[in-house]
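All values below come from the heavy atoms of this structure, side chains included, with hydrogens, waters and symmetry mates left out. Residue numbers run from 1 in the order of the sequence given. Computed from a predicted model, the values in this text were never measured in an experiment. All ligand and atom numbering here is 1-based and tracks the order in the structure.
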Amino acid sequence: MPLYRDEAVVLRTQKLGEADRIVTLLTRRHGRVRAVAKGVRRTGSRFGARVEPFMQVDLQLYEGKALDTVTQAETIAPFGERIASDYGRYTAGTAVLETAERLTAEEREPSLRLYLLVVGALRSLADEAHTPSLVLDAFILRAMAIAGYEPTLDGCSRCGEPGPHRFFTVAAGGVVCPEHRPAGAATVSQPAVGLLGALLEGDWTVADAADARTQREASGLVAAYLQWHLERGLRSLRLVER
Ligand SMILES: [Zn+2]
């Protein structure tokens with residue numbers, strides 16, 4: 001398949017030479033793909049504005065040895081403008097894109113569920129459906145679940161002892177009972193555990209009703225949980241207002 005079509009969200013762009021860009025894409029059917037978009041930095045480029053971060057595009061690509069080449073790009077959803085016009089949405093959106101890139105360890109490994117999750121998160125941000133940091137936290141929890149790291153929020157993650165439990169540890173992957181509480185485990189409030197569960201399940205009635213303190217507590221745990229599972233910290237997460 002030297003020439004192929006796919007849908008994609010643009011995760012990142014880098015300058016290449018005088019007028020080109022390398023674009024990192026999360027595609028619907030081909031996983032994460034890096035491709036060259038030629039001439040896109042020239043004024044009057046046919047599809048320059050379409051291959052920018054946050055944009056959902058329909059692409060035609062030519063398969064190459066190291067990098068593919070974008071030969072056509074049509075906009076499906078122009079999330080970029082709406083997200084970039086607000087600092088809170090922009091920083092949360094940037095963290096969504098960076099998380100998606102970091103959680104796709106291998107190029108060209110299809111993950112339809114992650115693709116749909118990214119599109120859903122960007123749409124929520126663009127539509128101002130919920131507090132941006134909540135959209136980000138829901139995305140991170142669900143993306144981690146897809147990657148096989150769903151946190152345990154009811155029973156103790158070591159022995160299964162039914163909760164509610166007051167301690168949370170990233171290493172054990174969720175809440176733990178007093179007996180299995182390691183040194184340095186964070187204490188967690190019941191409202192924060194409830195919010196994490198609501199975000200994981202997509203129960204927005206509960207999530208939207210959480211107070212600011214509970215949101216901050218849950219966000220701190222989500223960030224710690226993600227960072228623990230990624231080799232290096234996520235730069236963009238530090239910029240998100242919580
Ligand atoms: Zn236990």
Side-chain angles (χ1 to χ4, degrees), residues 91-92 95-106 109-118 120-121 124 130-242:
T91 51
V96 166
L97 299 185
E98 194 181 347
T99 302
E101 182 171 359
R102 296 287 298 280
L103 285 176
T104 46
E106 298 290 325
E109 201 173 88
S111 176
L112 177 60
R113 289 170 70 201
L114 183 64
Y115 174 76
L116 295 175
L117 201 61
V118 169
S124 276
H130 310 282
T131 307
S133 64
L134 281 182
V135 173
L136 171 63
D137 290 337
F139 169 78
I140 291 173
L141 284 169
R142 297 165 85 179
M144 301 269 304
I146 291 173
Y149 308 124
E150 180 168 339
T152 309
L153 299 171
D154 33 28
C156 168
S157 36
R158 287 265 162 80
C159 68
E161 173 80 14
H165 296 302
R166 287 179 45 235
F167 304 103
F168 186 98
T169 160
V170 292
V175 295
V176 282
C177 71
E179 196 185 323
H180 291 109
R181 167 197 179 190
T187 56
V188 58
S189 72
Q190 284 320 300
V193 172
L195 175 55
L196 292 174
L199 292 171
L200 199 52
E201 287 159 25
D203 183 345
W204 285 102
T205 311
V206 169
D208 286 335
D211 60 40
R213 193 170 153 222
T214 303
Q215 286 186 28
R216 270 196 306 277
E217 186 185 353
S219 282
L221 293 172
V222 170
Y225 192 58
L226 176 67
Q227 309 276 28
W228 195 84
H229 283 281
L230 297 176
E231 278 170 51
R232 292 171 286 132
L234 218 60
R235 271 175 303 130
S236 53
L237 215 53
R238 292 200 306 266
L239 301 173
V240 177
E241 287 173 5
R242 297 176 191 270

**Prompt:** With the Zn ion (ligand 1) as the point of reference, which N/O/S atom of His180 is the closest?
**Reply:** ND1
**Message:** Over 60° means perpendicular and under 30° means parallel, so tell me whether Phe168 and Tyr225 are parallel, tilted or perpendicular.
**Reply:** perpendicular
**Asked** At the Zn ion (ligand 1), what's the angle from Cys159 SG to Cys156 SG, rounded to 10 degrees?
**Response** 110°
**Residues Glu109 and Thr104: side-chain donor-acceptor under 3.5 angstrom** = no
**Request:** Determine yes or no for a side-chain-to-main-chain donor-acceptor pair under 3.5 angstrom, with Gln215 supplying the side chain and Ala210 the backbone.
**Result:** yes
**Message:** Using 2.8 Å as the threshold, say whether any N, O or S atom from His165 sits that close to the Zn ion (ligand 1).
**Reply:** no
**Request:** Could you walk me through whether Arg166 and Val188 pass the side chain to side chain contact (heavy atoms under 4.5 Å, CB included) test, one step at a time?
**Result:** CA-CA 5 Å; Arg166 287 179 45 235; Val188 58; 5.6 Å; no
